[in-house]
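Heads up, the thing below is written out as structure tokens.
Quantities reported herein were computed from a predicted structural model and do not represent experimental measurements. Only heavy atoms go into these numbers, but all of them, side chains included; no hydrogens, no water, no symmetry mates. Just so it is clear: chains get the letters A, B, ... in the order the sequence lines come, proteins before strands, and each one is counted from 1.
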2 protein chains.
Amino acid sequence: MSQHQKDSKIYVEIVKELRTMIDRDGLKPGDKLPSERELSERLIVGRSSVREALRALELLGLIETRRGEGTFIRDFQGNQLVQLLSTFILQDEKAKKDIVETKNLIEMDCLLLAQNKSNDDQLLSFKSWADTAVFTDDEFFLKVALLADNHLFLRIWTILKDYYNSLKMDKVETTKLEYMNVINKLLSRQRVELREAYRSLRKMSNV
Amino acid sequence: MSQHQKDSKIYVEIVKELRTMIDRDGLKPGDKLPSERELSERLIVGRSSVREALRALELLGLIETRRGEGTFIRDFQGNQLVQLLSTFILQDEKAKKDIVETKNLIEMDCLLLAQNKSNDDQLLSFKSWADTAVFTDDEFFLKVALLADNHLFLRIWTILKDYYNSLKMDKVETTKLEYMNVINKLLSRQRVELREAYRSLRKMSNV
DNA sequence: TTATTATAGTGGTCAGACCAGTTCTCTTTT
DNA sequence: AAAAGAGAACTGGTCTGACCACTATAATAA
């Protein structure tokens, strides 16, 4: 524990410590963390402080604890906490607007990246999938985010998507035609037209 | 603690209890929550359980605690959740390319939002600042992100900026002229030209 | 071998103690 | 009466030790 700056609270330091521990030891979802008592000893802190850190991470959905067994790393893909947070901030209209706005722009960014980075084969495969399969909006843009080939954007989009879904807002209807139109613009490599196709799909007036 | 239902852990019940308490009493950001000891008494639970709940909410950025003063509801907007998750999720994939790419696109998004949402007064004030002051690239785009009036983007950008700076990459030289050019395009309300001005500033070839 | 039973380990919770800050009050000083 | 100061009272921060309930494993008995 010692190295970390003293000002911040112990439990935050423990959170950081756990992060580096997970990183250093290459722990993956499903793996077991040291027991509370062992962490308490190793980090030379009280068990209650360890628990504060673990409980916080648990509420975030980053870990899972099973009585009698131990604490395990969880397969976190945004979840849990999104729901929790939404129950706390649902009132904030501005926040809602921000989420929608951000999600839309991020999706646009992903589209542009996909357009730039994907080859025709990838896009044609995408197109044939969209042509035949029945899919949700999330599934469609997940594929876009994957084509964008940018982990950061993928992560950000995933979180935003979960947020957005937890808001339970009225969603605009989207026809398959509009999705196909977007894909076609991806293929035609026309930036401006791609943007237009997305705006049309989302029924956006500007930006 | 009205035995909120079976098995779930006490601290989770306390979190729920706090939510309804905030809701029922109409508590707003800045308002003070009961002290840990009082909550402990009122809910008939141990103080440590109360703390586990409060620490979790604190890590989520929903409340703020000040030693000697108390626990307060926080002005949740943006969210430190992005911050937290990023340090946990993005830690290993520091693909420099992704970070630069993402940062650039986010900045572009913020520019477009700023162009749409800001009035001439704001932009002119921005312009006169840029005209006279000596500023860094970060300072410039911080102002842009603020003009974009989207806390989420502000949060994301801040994190990306910090990541980017920590990479210590070679930064392209930017002249004041290029910054002024961007501001002028903001004022002229031309989307396409604004994008072009930014690309030029960052010496980007495409996207 | 298999079934049973201790036993050690793990999380869940509580109570009490002490520290370190802040706030409020009441006395002392000016 | 007003300002300054001292101290009590309160608040969060942390640690310790004690149980409880549950699980997994080792030792034992069938």
So, is T65(A) near the phosphate of dT10(C), with a side-chain N or O under 4.0 Å from OP1 or OP2? no

Assess whether a salt bridge exists between E52(B) and R55(B), defined as any Lys/Arg side-chain N lying under 4.0 Å from an Asp/Glu carboxylate O. no

Taking atom C1' of dC15(D) as reference, at what distance in whole Å does atom CD1 of I44(A) sit? 14 Å

Value in whole Å for how far the P atom of dG13(D) lies from CD1 of I14(A): 13 Å

Whole angstrom value for the distance that separates P of dG12(C) from OH of Y11(B): 8 Å

Could you tell me whether the phosphate oxygens of dA15(C), OP1 or OP2, come under 4.0 Å of any side-chain nitrogen or oxygen in S48(B)? no

Salt bridge (charged side-chain N to carboxylate O under 4.0 Å, His left out): which pairs involve residues 122-142 of chain B, sequence neighbours left out? D137(B)-R202(B)

Does R42(B) come within less than 4.0 Å of E38(B), counting only side-chain N to carboxylate O? yes

Partner residues of K185(B) under the salt bridge (charged side-chain N to carboxylate O under 4.0 Å, His left out) criterion, sequence neighbours left out: E193(B)

Using a 4.0 Å heavy-atom cut-off, write out nucleotides 21-26 of chain D from 5' to 3' as B (base contacted by protein), S (sugar-phosphate only) or - (no contact). BBSS--

Looking at T71(B), does any N or O in its side chain come under 4.0 Å of the phosphate oxygens OP1/OP2 on dT11(D)? no

Which heavy atom of I14(B) sits nearest a heavy atom of V45(B), and at what distance? CD1-CG2, 3.7 Å

Nearest whole angstrom, please: distance from the P of dC15(D) to the CG of L43(A). 10 Å

Is a side-chain N or O of T102(A) found less than 3.5 angstrom from the main chain of D98(A), in a donor-acceptor match? yes

I'd like to know if R74(A) and E64(A) make a salt bridge, using a cut-off of under 4.0 Å between side-chain N and carboxylate O. no

Angle by which the axis turns from one end of the helix from dT1(C)-dA30(D) to dT30(C)-dA1(D) to the other, five pairs per end, to 10 degrees: 20°

Just say parallel, tilted or perpendicular for the rings of F135(A) and Y179(A), cut-offs at 30° and 60°. perpendicular

Which ones in residues 32-40 of chain A lie close to DNA chain C, meaning a heavy atom under 4.0 Å from one of its atoms? S35(A), E36(A), R37(A)

Classify R66(B) by what it touches in the nucleic acid, base, sugar-phosphate, or nothing, heavy-atom distance under 4.0 Å. sugar-phosphate

Lys/Arg-Asp/Glu bridge criterion (N-O < 4.0 Å) met for R19(B), E17(B): no

Is there a side-chain polar atom (N or O) of R51(A) under 4.0 Å from OP1 or OP2 of dG11(C)? no

When you measure from the side chain of R47(B), which nucleotide among dT13(C), dG13(D), dC14(C) comes out closest? dG13(D)

In terms of side-chain geometry, is the basic nitrogen of K161(B) or E107(B) positioned less than 4.0 Å from the acidic oxygen of its partner? no

Fit a plane to each ring of Y198(A) and F141(A), take the angle between them on a 0 to 90° scale, and name the class: parallel (under 30°), tilted (30 to 60°) or perpendicular (over 60°). perpendicular

The side chain of R55(A) is closest to which nucleotide in this list: dG12(C), dC15(D), dT14(D)? dG12(C)

Which of the following nucleotides, dT14(D), dG11(C), dG13(D), is nearest to the side chain of I10(A)? dT14(D)

Does K32(A) have any salt bridge (charged side-chain N to carboxylate O under 4.0 Å, His left out) partners at least two apart in sequence or in another chain, and if so, which? none

Would you kindly give the NZ-to-P distance between K9(B) and dC14(C), to the nearest whole Å? 14 Å

